[in-house]
**Student:** 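Input: one structure, supplied below.
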Amino acid sequence: MSLSATDLSYSYIPGKLALRDITLSLAESGVTFILGGNGSGKTTLIQCLCGIRSPQSGSVQIDGKDLRRIHPLQRARSIGFVPQIHEPVFTYSVYQVVLMGRAPYLGPFSAPQKADHERVAQALQALDLWDLRDRPYTQISGGEQRLTLIARGLTQGAQYLLMDEPDAHLDPRHQHDVFTRIVNLAPEGFTFAISSHSPNNALLYGKRVALLAAGQLIAQGSPEDVIAPKLLEEAYGLEFETISDASGLRAVLPATRKLSQS
């Protein structure tokens with residue numbers, strides 16, 4: 001299977017495009033980071049790829065079929081979405097929020113079965129949330145809420161899991177835990193698209209990177225090729241420099257000579 005966008009454009013305001021002519025194919029059984037500055041279109045692209053928003057022109061295809069022609073229930077079994085912000089109407093427990101990931105597999109009047117609860121338990125344990133399972137979702141920290149939504153996405157069992165800034169509000173340890181889990185899941189047949197503000201997370205955990213600027217795709221490819229100072233400067237309007245250690249591990253930082261002059 002494949003999930004891709006072809007010549008995709010989207011606008012919130014007539015005559016002003018938030019995305020312009022995006023052509024992008026997610027790396028199957030891999031992790032693609034979508035990077036760019038504020039307002040570059042990262043969230044909009046994620047939402048178009050999972051069918052929340054329909055493009056003004058171009059298309060999103062899953063396995064060669066236009067996403068708009070696929071029944072929403074079938075689409076939900078193929079594509080999962082982890083939003084950046086989630087405010088539930090009712091005070092559900094952490095366990096109940098994660099169990100909602102099984103909704104596409106249940107009939108209108110059917111109850112979750114043993115296999116559904118097993119999937120929930122596996123996801124909660126994988127993300128160190130088991131001890132919080134009975135806590136109200138609204139009474140845990142922002143980082144714990146993000147982990148809960150990721151667990152819900154894993155429970156959904158969709159091949160494609162699209163995440164809008166899953167590293168936001170997480171400390172370095174939990175970022176590493178989440179991304180390590182994602183990297184380990186990819187060879188099992190999962191494909192991830194992750195919007196992020198962290199080029200270094202993309203360097204550490206990504207298989208491919210798409211870099212946006214002002215709604216346009218300015219580069220895509222391997223992290224080693226895309227996360228380069230000149231391209232990052234074009235995307236963020238800030239000079240970067242690369243640092244590396246003896247083992248070849250790389251990171252990018254704002255250019256220190258500019259910081260020393262400020």
Side-chain angles (χ1 to χ4, degrees), residues 1-12 17-19 22-32 34 41-90 92 94-113 115-120 122-123 137 145-146 148-166 182 185-186 188-195 210:
M1 293 182 69
S2 63
L3 181 64
S4 60
T6 303
D7 297 329
L8 185 152
S9 295
Y10 183 87
S11 64
Y12 295 94
L17 291 176
L19 294 174
I22 303 290
T23 295
L24 173 70
S25 182
L26 298 185
E28 189 171 356
S29 298
V31 181
T32 297
I34 299 173
K42 300 186 301 296
T43 296
T44 304
L45 178 55
I46 288 281
Q47 291 177 344
C48 286
L49 287 171
C50 67
I52 293 176
R53 299 187 183 278
S54 295
Q56 267 68 45
S57 61
S59 63
V60 176
Q61 308 93 32
I62 182 167
D63 202 22
K65 299 178 181 177
D66 193 311
L67 200 60
R68 291 169 291 193
R69 299 180 181 274
I70 298 175
H71 190 278
L73 185 61
Q74 184 58 44
R75 189 171 65 204
R77 293 177 179 176
S78 301
I79 304 173
F81 174 57
V82 177
Q84 183 180 158
I85 299 173
H86 177 244
E87 297 181 359
V89 177
F90 303 104
Y92 295 107
V94 168
Y95 190 97
Q96 289 171 322
V97 171
V98 177
L99 183 59
M100 291 175 189
R102 302 305 296 166
Y105 302 91
L106 303 177
F109 304 105
S110 61
Q113 303 300 304
D116 299 307
H117 289 286
E118 288 175 347
R119 294 292 293 268
V120 173
Q122 290 170 1
Y137 174 83
Q145 288 181 345
R146 183 57 50 87
T148 299
L149 296 180
I150 294 171
R152 184 182 68 179
L154 295 178
T155 300
Q156 189 171 330
Q159 179 179 352
Y160 296 95
L161 193 55
L162 311 184
M163 300 181 171
D164 190 14
E165 296 186 30
I182 288 170
L185 281 170
E188 298 179 19
F190 293 93
T191 298
F192 296 89
I194 299 169
S195 72

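Residue numbers run from 1 in the order of the sequence given.
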**Student:** Ignoring hydrogens, what is the shortest heavy-atom contact between Cys50 and Ile79? Give both atom names and the distance.
**Tutor:**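 What the structure gives for the nearest pair is CB-CG2, 3.6 Å.
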**Student:** Of Gln56, Gln47, Arg53, which meets side chain to side chain donor-acceptor pair (under 3.5 Å) against Tyr10?
**Tutor:**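 Option passing the side chain to side chain donor-acceptor pair (under 3.5 Å) with Tyr10: Arg53.
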**Student:** Could you state the interatomic distance from CG (Leu24) to CG (Leu8), rounded to the nearest 0.5 Å?
**Tutor:** 9.5 Å
**Student:** Quick one: do the Ser59 and Asp66 side chains pair a donor with an acceptor below 3.5 Å?
**Tutor:** no
**Student:** For a quick test of reading the model, state the closest non-hydrogen atom pair linking Ala123 to Thr155 and the distance between them.
**Tutor:**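 Looks like CB-OG1, 3.4 Å.
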**Student:** Output the distance between atom CG (Leu26) and atom CG (Leu161), rounded to the nearest 0.5 Å.
**Tutor:**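 Leu26 atom CG to Leu161 atom CG measures 11.5 Å (nearest 0.5 Å).
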**Student:** Answer with yes or no whether the side chains of Ser4 and Gln61 bring together a donor and an acceptor at under 3.5 Å.
**Tutor:**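 Side chains of Gln61 and Ser4: pair found under 3.5 Å.
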**Student:** Can you name the closest pair of heavy atoms from Ile46 and Ser195 and give their distance?
**Tutor:**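 Looks like CG1-CB, 4.1 Å.
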**Student:** Supply the atom-to-atom distance Ile62 CD1 to Gln74 CD, rounded to the nearest 0.5 angstrom.
**Tutor:**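 Ile62 atom CD1 to Gln74 atom CD measures 8.5 Å (nearest 0.5 Å).
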**Student:** Using modelled atom types and a 3.5 Å cut-off, is there a donor and acceptor pairing between side-chain atoms of Gln159 and backbone atoms of Thr191?
**Tutor:** no
**Student:** So, do Pro104 and Leu73 sit near enough that their side-chain heavy atoms are less than 4.5 Å apart?
**Tutor:** yes
**Student:** I'd like to know if the side chain of Arg152 reaches the main chain of Gly80, judged simply by a donor and an acceptor atom lying under 3.5 Å from each other, with no hydrogens or angles considered.
**Tutor:** no
**Student:** Do Leu106 and Pro112 make a side-chain contact, defined as non-hydrogen atoms from C-beta onward lying under 4.5 Å apart?
**Tutor:**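 They are in contact (side-chain heavy atoms under 4.5 Å apart), so the answer is yes.
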**Student:** Nearest heavy-atom pair of Val60 and Leu49: which atoms, and what distance?
**Tutor:** CG1-O, 3.8 Å
**Student:** How long is the span from the OG1 atom in Thr44 to the CG atom in Leu17, to the nearest 0.5 Å?
**Tutor:**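 One finds 11.5 Å between OG1 of Thr44 and CG of Leu17.
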**Student:** Which atoms form the tightest heavy-atom contact between Leu67 and Cys48, and what is the distance?
**Tutor:** CD2-O, 4.1 Å
**Student:** If you round to the nearest 0.5 Å, how far is CG of Asp63 from OG of Ser78?
**Tutor:** 9.0 Å
**Student:** Has the side chain of Tyr160 got a donor or acceptor atom that lies under 3.5 Å from a matching backbone atom of Glu28?
**Tutor:** no
**Student:** Which distance, rounded to the nearest 0.5 Å, do you find between the CE of Met100 and the CG of Leu149?
**Tutor:** 10.0 Å
**Student:** What heavy-atom pair brings Gln156 and Arg102 nearest, and what distance separates the two atoms?
**Tutor:** O-NH1, 3.8 Å
